[in-house]
Amino acid sequence: DGSQEGLHANFKLAKDGEAVYLVNENEEIEDQVIYGTQITDQSYARDPNGTGDFIIKGSTFNMNNDNTTAIESIEKTVTKLKVFPNPANQILTIDFTLMNSKTIQLQIFNTLGIRVFEDTINEKMELNVSEWSRGIYFLKIENEMVKILLQ
């Protein structure tokens, strides 16, 4: 909010979700987050500060994220996520164990943060990627993310 005092970015992030990448001078990804729908006037922050999982919590503007209590945590519904082969060139297999849900959202983003694939799944999936452009992609299921390489 540029009308408030203090340091503020000159851009906004979509409340419906998108991808954010922190890259170094060699354009190598240092950190990343692909997030879903946000809650108005709440923060999406790593807790403990800078190292933990992302959680939704009260705003921590100009403060350490450890100073507030989470109001809602992201429930882990996927375990034992396996994506193979990686690198892939024909079929990409996505295998996981589903904990508390009957279906989950699978999304794949390119390096620009553009969603190139989305589906609701409830079991192992084999995805034909033979006609996709070669390069790096990010596969997101719930709060799990995997970098994949297509060659």
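Values in this document were obtained by computation on a predicted structure and should not be read as measured data.
Heavy-atom neighbours of Gln151 CD from other residues, nucleotides or ligands within 6.0 Å: above the threshold of 12.
For residues 104-118, the set of pairs meeting the side chain to side chain donor-acceptor pair (under 3.5 Å) definition, not counting sequence neighbours, comprises Gln105-Glu118, Gln105-Thr120, Gln107-Glu118, Arg115-Glu118.
The hydrophobic cluster around Leu112 extends to Ile114, counting ILVMFWY residues whose side-chain heavy atoms fall within less than 4.5 Å of a member. The hydrophobic cluster around Ile34 extends to Tyr21, Val23, Ile29, Phe109, Ile136, Phe138, Met145, Leu149, counting ILVMFWY residues whose side-chain heavy atoms fall within less than 4.5 Å of a member.
Here Val146 pairs with Leu81, Val83, Asn86, Ile148 under the side-chain contact (heavy atoms from CB on, under 4.5 Å) rule; sequence neighbours left out. Partners of Glu126 according to the salt bridge (charged side-chain N to carboxylate O under 4.0 Å, His left out) rule, which considers only residues two or more places apart in sequence or in another chain, do not exist here. With sequence neighbours left out, Glu28 forms a side-chain contact (heavy atoms from CB on, under 4.5 Å) with Asn24, Asn26. Not a single ring pair (Phe, Tyr, Trp, His ring centres under 6.0 Å) links Phe117 to another residue, sequence neighbours left out. Residues passing the side-chain contact (heavy atoms from CB on, under 4.5 Å) test with Ser133 are Tyr137, sequence neighbours excluded.
Atom CG of Leu106 and atom CD1 of Ile141 lie 5.0 Å apart (nearest 0.5 Å). Rounding to the nearest 0.5 Å gives a distance of 12.0 Å between CD of Gln90 and CG of Leu127. Distance CG/Leu92 to CD1/Ile94: 5.0 Å, rounded to 0.5 Å.
Between the side chains of Thr93 and Asp95, no donor-acceptor pair is found at a separation under 3.5 Å.
Both Met125 and Val129 are assigned to one and the same hydrophobic cluster, defined by single-linkage of ILVMFWY side chains at heavy-atom distances under 4.5 Å.
Of all non-hydrogen atoms in Ala19 and Gly113, the two that sit nearest each other are CB-CA, 3.8 Å. Contact between Pro85 and Ile91 at its shortest, heavy atoms only, is CD-O, 3.4 Å.
Annotation: side chain of Ile121 is in contact with side chain of Ile104 (closest heavy-atom distance under 4.5 Å).
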